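None of these values were measured; they are calculated from a predicted model.
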2 protein chains.
Amino acid sequence: MSLRHALLGSLADEPRNGYALLKHFEQSLGYAWPASHSQIYPELARLVDEGLIEQTGAGARNSKTYALTDAGLDEIRRWLESTTPERRVRNDATLRTFFLWLLEPEEAVQQLERERDYSAATLAEFRRISDEPTGANRKALTYRIALEGGIRATESRIEWLDWAIEQVRSPKWRSLE
Amino acid sequence: MSLRHALLGSLADEPRNGYALLKHFEQSLGYAWPASHSQIYPELARLVDEGLIEQTGAGARNSKTYALTDAGLDEIRRWLESTTPERRVRNDATLRTFFLWLLEPEEAVQQLERERDYSAATLAEFRRISDEPTGANRKALTYRIALEGGIRATESRIEWLDWAIEQVRSPKWRSLE
DNA sequence: GCACACATGTAAGTTGTTACATGATTAC
DNA sequence: GTAATCATGTAACAACTTACATGTGTGC
């Protein structure tokens, strides 16, 4: 049930409507936990039912602003402190590298290069965000920490992919069955 | 539908029964794509129905050995060459770092340390596997490449977590609201 | 006027988790 | 004999994806 806690945490940040939450997932949280509008809206309704958030406003275009309740703040703190993170992670792109040996070397190199280019674009995006000025409070510094994690993970992945491309391009690889 | 291709790829490796596939996921593939026996067994049945794998043997304890068919090999190659990897990744432990500012500094440090220790154990396990001798063919080198990816990603994560712990422990963090 | 972004919702289908259920072989 | 591992299966539930569906305000 990470989605609900991702929503609670985002609303601890500041009150938002569903669409703003959706954009927040797309630009930030979604790198760790993606969510689509068809998941977000029903979940917000459930969180209201359970008293963890409340609707604090209604704006143009039928928009509904939600804020965290005290119970909601308790709940996200409880989740952070008292539950173990789910460590299982699914990564399709990484899974595919286990099967490189099934491809012709040229094809394998192409796949790795595509992946490297994708990661390079992600890194450029992270660096762009990192260049934006931020506040000097724990919240802003927390986002810096998370972003730094994204940058380092992506840099490391690019280096690994470059190294992998070298391996598959090497005469040794070609000489083997 | 990564699970079915993970199974096909594992059977391209060598014929296996469901239980051996389960163990293979636990020790290797599962770091990129976890799967439980309750998912594996029904999926194997479907793959047989579709002619992508076939049962080639039956052993003690009702075990059933499966092998990839030509159609199955075509299918995994098609998947690797012609479909784009799903880039969305869910990582609960990483999501939680976005909400560190909601915790007391001591509690936040504890959470990060727990995460660092977990990663350190994973890294030790990867290094242990890496020390085992392997063959000199494309298949074995592919597993080396995947493993090297795991090692580098985990090393990078540990460095990031150590850096994050420093940030949260610093007097600056404590001085902010 | 028209395109685009804002804004919310539902429904069907797929995938994944947890729990239930059973039985065989091996090592001590 | 008994515990652990090997071995396979099903069922209920939860989570996620994709598609369907609709309407509002803003900028050109």
*Whole-Å distance between D:dT5 C1' and B:Gln27 CD?*
13 Å

*Qualifying residues under salt bridge (charged side-chain N to carboxylate O under 4.0 Å, His left out), relative to A:Asp117, sequence neighbours excluded*: none

*Taking B:Arg46 for the side chain and B:Tyr41 for the main chain, is one N or O donor matched with an acceptor at less than 3.5 Å?*
no

_Any carboxylate oxygen within less than 4.0 angstrom of a Lys/Arg side-chain nitrogen, looking at B:Glu14 and B:Lys139?_
no

*Contacts of A:Lys64 that satisfy salt bridge (charged side-chain N to carboxylate O under 4.0 Å, His left out) - sequence neighbours left out*: none

*Would you check if A:His24 and A:Arg16 make a side-chain contact, meaning some heavy-atom pair closer than 4.5 Å?*
yes

*Distance-only donor-acceptor test (3.5 Å): side chain A:Ser38, base D:dT18*: yes

Pair up each side-chain donor or acceptor in residues 26-40 of chain A with any protein partner under 3.5 Å, not counting sequence neighbours, and list the distances.
residue: A:Glu26; atom: OE1; partner: A:Lys23; partner atom: NZ; Å: 3.2
residue: A:Ser36; atom: OG; partner: A:Ser38; partner atom: OG; Å: 3.2

*What nucleic acid atoms does A:Ser36 come within less than 4.0 Å of, heavy atoms only: base, sugar-phosphate, or nothing?*
base

*Mind checking whether A:Glu54 and A:Tyr66 have side chains closer than 4.5 Å, heavy atoms only?*
no

*Excluding sequence neighbours, so at least two apart, what forms salt bridge (charged side-chain N to carboxylate O under 4.0 Å, His left out) with A:Arg116?*
A:Asp162

*Would you tell me if any nitrogen or oxygen in the side chain of B:Gln39 comes within less than 4.0 Å of OP1 or OP2 on C:dT15?*
no

*Return the value, rounded to whole Å, for the distance between atom NZ of A:Lys64 and atom P of C:dA7.*
13 Å

_Whole angstroms only, please: what is the CE-P distance between A:Met1 and D:dA15?_
6 Å

*In residues 82-95 of chain A, what residues come within less than 4.0 Å of DNA chain C, judged by heavy atoms?*
A:Arg88, A:Arg90

*Could you state the atom-to-atom distance from CD of B:Glu43 to C1' of D:dT10 in whole Å?*
15 Å

_For DNA chain C, the residues among residues 4-23 of chain B that have a non-hydrogen atom under 4.0 Å from it_ = none

*asked:* Under the rule for salt bridge (charged side-chain N to carboxylate O under 4.0 Å, His left out), what residues qualify as partners of B:Glu155, not counting sequence neighbours?
replied: B:Arg127

_Atom-pair distance (CD1 on A:Ile40; P on C:dA7), nearest Å_ = 13 Å

*Could you state the atom-to-atom distance from CG of B:Leu44 to C1' of D:dT8 in whole Å?*
10 Å

*Taking all atoms of both residues into account, what is the closest heavy-atom pair of B:Ile158 and B:Ser119, and its distance?*
CG1-CB, 3.7 Å

N/O donor-acceptor pairs under 3.5 Å from side chains in residues 78-88 of chain B, not counting sequence neighbours:
residue: B:Arg78; atom: NE; partner: B:Glu75; partner atom: OE1; Å: 2.9
residue: B:Arg78; atom: NH2; partner: B:Glu75; partner atom: OE2; Å: 2.8
residue: B:Ser82; atom: OG; partner: B:Arg78; partner atom: O; Å: 3.4
residue: B:Thr83; atom: OG1; partner: A:Arg96; partner atom: NH1; Å: 3.3
residue: B:Thr83; atom: OG1; partner: A:Arg96; partner atom: NH2; Å: 3.0
residue: B:Thr83; atom: OG1; partner: B:Trp79; partner atom: O; Å: 2.6
residue: B:Glu86; atom: OE1; partner: B:Arg88; partner atom: NH2; Å: 3.0
residue: B:Glu86; atom: OE2; partner: B:Arg88; partner atom: N; Å: 3.0
residue: B:Glu86; atom: OE2; partner: B:Arg88; partner atom: NE; Å: 2.8
residue: B:Arg87; atom: NE; partner: A:Glu115; partner atom: OE1; Å: 3.4
residue: B:Arg87; atom: NH2; partner: A:Glu115; partner atom: OE1; Å: 2.6

_Five-pair end axes of the helix from C:dG1-D:dC28 to C:dC28-D:dG1, angle between them (10°)_ = 30°

Grab the N/O contacts between the protein and nucleotides 20-28 of chain C below 3.5 Å, and write none if there aren't any.
residue: C:dT25; atom: O4'; partner: B:Arg61; partner atom: NE; Å: 3.1

*Using atom CH2 of A:Trp33 as one end and atom C1' of D:dT17 as the other, report the distance to the nearest whole Å.*
14 Å

Got a list of side-chain donor-acceptor pairs under 3.5 Å for residues 97-111 of chain B, not counting sequence neighbours?
residue: B:Thr97; atom: OG1; partner: B:Thr94; partner atom: O; Å: 2.6
residue: B:Trp101; atom: NE1; partner: B:Phe98; partner atom: O; Å: 3.4
residue: B:Glu106; atom: OE2; partner: B:Arg174; partner atom: NH1; Å: 3.0
residue: B:Glu107; atom: OE2; partner: B:Gln111; partner atom: NE2; Å: 2.8

*asked:* Tell me whether the side-chain N/O atoms of A:Tyr41 come closer than 4.0 Å to OP1 or OP2 in C:dG9.
replied: no

_Exam field: side chain B:Thr142 to backbone B:Arg138, donor-acceptor pair closer than 3.5 Å_ = yes

*List in chain and number order the residues that pass side-chain contact (heavy atoms from CB on, under 4.5 Å) with A:Ser63, two or more places apart in sequence or in another chain; answer none if no residue qualifies.*
A:Asn17

*Of the nucleotides D:dT8, D:dC16, C:dG16, which has the atom closest to the A:Leu3 side chain?*
D:dC16

